[in-house]
Amino acid sequence: MKQSSNPIRALLSRARDGLTGTANLTRMRIVSGIILFVYVCVHLINHSLGLISDPLMRGMGGVVSSIIRPWPITYILYTALAVHMILSFWRVYERRSLKMPPREWLQLTLGIAIPIFLITHVMGTRYATAAYGIRDSYDYVLISLFVFAPPVAVTNALGLMASWIHGAIGMHMWMQTKTWYSARLRSWLLVAATLLPTLSLAGYLSAGRRVIPKAADGDFMESYYEKLNLPNDAFWADLGRDINWVEWSFLTLVGLVVVARLIRTLMSSRTKSVRIDYVDGPTLSQSIGPTLLEMSKLGGVPHANVCGGRGRCSTCRVRLLSSDPSVNLASEAELKVLQRVRATEDVRLACQLVPAGDLKVLRLLPSDTERASDSDHEPWSSGREKIVTVMFADLRDFTKTSESRLPFDVVYLINQFSKVMGQAVEDNDGRIDKFLGDGFMALFGVDEAPGKSAHNAMMAAGAMIEELNKLNENLAGDLTEPLRMGIGIHTGSVILGSMGYGHARGLTAIGDTVNTASRLEAATKEQKCILCVSSQTIEQAGLEAPEETKKHIVVRGKKAKLEIHSLMDIKGLSEAKERATA
């Protein structure tokens, strides 16, 4: 990219990049968020022990306190809180558009609500200990909440739930671009994210219910106040004054952010406008300041952004067909993302590009790449490389079989075949990618390790052969000759992604592995077998095949010969695996 012809503007652009365009602040926000999320998680686990017994809950609380109460840990914890809060406010201020998915609105609302709900609890425990010398304990917290201030017990519970939900959304947004964040892992984490706060709330209420009768015991309360070490009779009034001061300070900070946004909006309305010409869309006129992605949202132009405009993915990338030379330079973090997708020099991330002049751009990904909700998102929705096992299956000479039959009979046969084969694939954790007339393509290992996917594919092939035999028995009176099938299986690296258009859009795989599996299915005709499996799949599945089944064939499109096994069934393989395991 050309640098700005205006040195002052270039300096300001670099300063902005230094503040918001690099990965440093993002990393700080993520790290501080993880620290706080772990802290909340430990709190919830501790509260859930209240379902078992008070001594266990107190004991765990003592262990946790001994870890987090030393000043170095306390400093780290409260620094993380301050950093996370400041950076979150900065991010809200920096956003030029508040058009966000409901998920982000929920996270933002909860983030503002958390301090309001929990300031009293934090000030009444850690602050009161440091500033006034009281000895807080679980009894102190429970009696203060459930005996003397029941409304605060409710807001305290709401604060913990808000913290958990806010943190869980943030963790999901961070992990969704990670290769290890599979659909299966998401399912387990969703169960944990639902179960933990539920158990915690139940334990919290159970412990509170048990402490209320104790408060009616004079001897217990006398011992309680003695251990509490109240400094003087004015303690509660002083603490209440401090709490009110912090609450109003926080609300003032929120108000200042709102006012700052309003002032910036008023000032931006007086600044120079830029013209954004979308090759496949409208032409917009927007004030200078927002990123290109924010301009798209402000103008109602659909623009893909899987990561929510955080610069963690490349789905919002655009090609600059013509541009003013004063566009901001790509930051180091943006360049890393672009290099991963092998983008050319005229490609930029819309969420990082700040137009300072007229632009003509082409959106490189379809706008429906942006998810409407997390429920329809898969980690491979925008493309991902993965090792999977691909299977192709096809009925042999079915054209000849169907020539003498009525169309309805042909459809019936194909539907019966598709039903039993699809069931065999799904029973072994496979996915039907697509049906191809009298055949289909299936994927194994979209959410699993390569070895398990290869083994599942082999087990599915065995089940398919058995189902075909049963189908031939059931249709013996209607068929002039039995149905025959060819199956090709290969394991290797593919590109998984949500491809297609409209209702035809869905998960599929592309790459040399897919082509090889298709060629192996075709090779079953020449090898006069039912199953052609690459030696790579056999090895990945942890199976052993008889030496006489091994062959080296030339696969169309490849120069080197491929080692395969031509099989009529997998029973021998299963027995070999059992012997090897034994």
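Since this is a predicted model, take the numbers as computed values, not measurements.
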Contact summary for Ile432 and Gly422, nearest pair of heavy atoms: CD1-CA, 4.0 Å
State the OH-CG distance between Tyr78 and Leu36, to the nearest 0.5 angstrom. 10.5 Å
Atom CD1 of Ile119 and atom CH2 of Trp248: how far apart are they, to the nearest 0.5 Å? 11.5 Å
Within the 4.5 Å heavy-atom criterion, are Val274 and Leu359 side-chain neighbours or not? no
If you draw a 6.0 Å radius around CZ in Arg275, do more than 12 non-hydrogen atoms from other residues or ligands fall strictly inside? no
Can you give me the closest heavy-atom contact between Val514 and Ala509, atom names plus distance? CG2-O, 3.7 Å
Is there a donor in the side chain of Asp136 and an acceptor in the side chain of Thr125, or the other way round, less than 3.5 Å apart? no
Please confirm whether the backbone N or O of Ser493 pairs with a side-chain atom of Thr513, one donor and one acceptor, at under 3.5 Å? yes
Compare every heavy atom of Leu142 with every heavy atom of Ala207, then report the nearest pair and how far apart it is. CB-CD1, 3.9 Å
Which is it for Leu199 and His47 under the side-chain contact (heavy atoms from CB on, under 4.5 Å) test, yes or no, and what are the steps along the way? CA-CA 8 Å; Leu199 294 177; His47 288 338; over 6 Å; no
Give a yes or no answer on whether the side chain of His303 reaches the backbone of Cys316 with a donor-acceptor pair at less than 3.5 Å. yes
Using only atom types and a distance under 3.5 Å, with no angle test, would you say the side chain of Lys386 pairs donor to acceptor with the backbone of Gly445? yes
Measure the CZ-CE distance between Arg103 and Met173 for me, rounded to the nearest 0.5 Å. 4.0 Å
Backbone N/O of Gly62 and side chain of Ser65: donor-acceptor pair under 3.5 Å: no
Is a donor on one side and an acceptor on the other found under 3.5 Å between the side chain of Ser48 and the backbone of Ile45? yes
Ile134 side chain near Tyr140 side chain, heavy-atom distance below 4.5 Å: yes
Is there a donor-acceptor contact under 3.5 Å linking the side chains of Tyr39 and Ser163? no
Hey, does Arg29 have a side-chain heavy atom less than 4.5 Å from the side chain of His84? yes
Using a 6.0 Å distance limit plus a 45 degree cone around the ring axis, check whether Arg126 lies over the aromatic ring of Trp71. yes
Using a 3.5 Å distance criterion without hydrogens, assess whether the side chain of Thr74 forms a donor-acceptor pair with backbone atoms of Ile68. yes
Is there side-chain contact between Glu247 and Thr120, with heavy atoms separated by less than 4.5 Å? yes
Expected output: side-chain Ser200 to main-chain Leu196 donor-acceptor under 3.5 Å: no
Quick check for you: to the nearest 0.5 Å, what is the distance between Thr344 atom OG1 and Arg319 atom CZ? 4.5 Å
Between Val354 and Pro290, the two heavy atoms sitting closest are CG1-O, 3.8 Å
Does a side-chain heavy-atom distance below 4.5 Å link Val279 with Lys360? yes
Within the distance-only criterion (no hydrogens, no angle test), does the side chain of Arg58 pair as donor or acceptor with the backbone N or O of Ser137 below 3.5 angstrom? no
To the nearest 0.5 Å, what is the distance between CD1 (Ile169) and CG (Leu108)? 10.5 Å
Atom CH2 of Trp245 with >12 non-hydrogen neighbours under 6.0 angstrom: no
Do any N or O atoms from the side chain of Trp164 and from the backbone of Val40 form a donor-acceptor pair under 3.5 angstrom? no
Quick one: pull up CG in Leu329 and CG in Leu353 and give me the separation to the nearest 0.5 Å. 10.5 Å
Identify the heavy atoms of Leu239 and Met123 that sit nearest to each other, and give their distance. CD1-O, 3.5 Å
Assess whether side-chain contact (heavy atoms from CB on, under 4.5 Å) is satisfied between Tyr127 and Val122, documenting all intermediate values. CA-CA 7 Å; Tyr127 171 79; Val122 175; 5.7 Å; no
So which atom in Ala350 and which in Thr291 form the shortest heavy-atom distance, rounded to 0.1 Å? O-CB, 3.6 Å
Donor-acceptor under 3.5 Å (Asn244 side chain, Gly240 main chain): yes
Ring centres of Phe146 and Tyr204 under 6.0 Å apart? yes
Close side-chain approach of Leu349 and Ser314, heavy atoms under 4.5 Å: yes
Do Leu443 and Val390 have side chains that approach each other closer than 4.5 Å (heavy atoms only, starting at C-beta)? yes
Please assess Val318 against Leu362 for the test side-chain contact (heavy atoms from CB on, under 4.5 Å), listing each intermediate value before the final yes or no. CA-CA 5 Å; Val318 295; Leu362 172 66; over 6 Å; no
Can Ile288 and Met295 be said to form a side-chain contact (heavy atoms from CB on, under 4.5 Å), step by step? CA-CA 9 Å; Ile288 292 178; Met295 289 182 177; 5.8 Å; no
Side chains of Arg363 and Val301: closer than 4.5 Å at any heavy-atom pair? yes
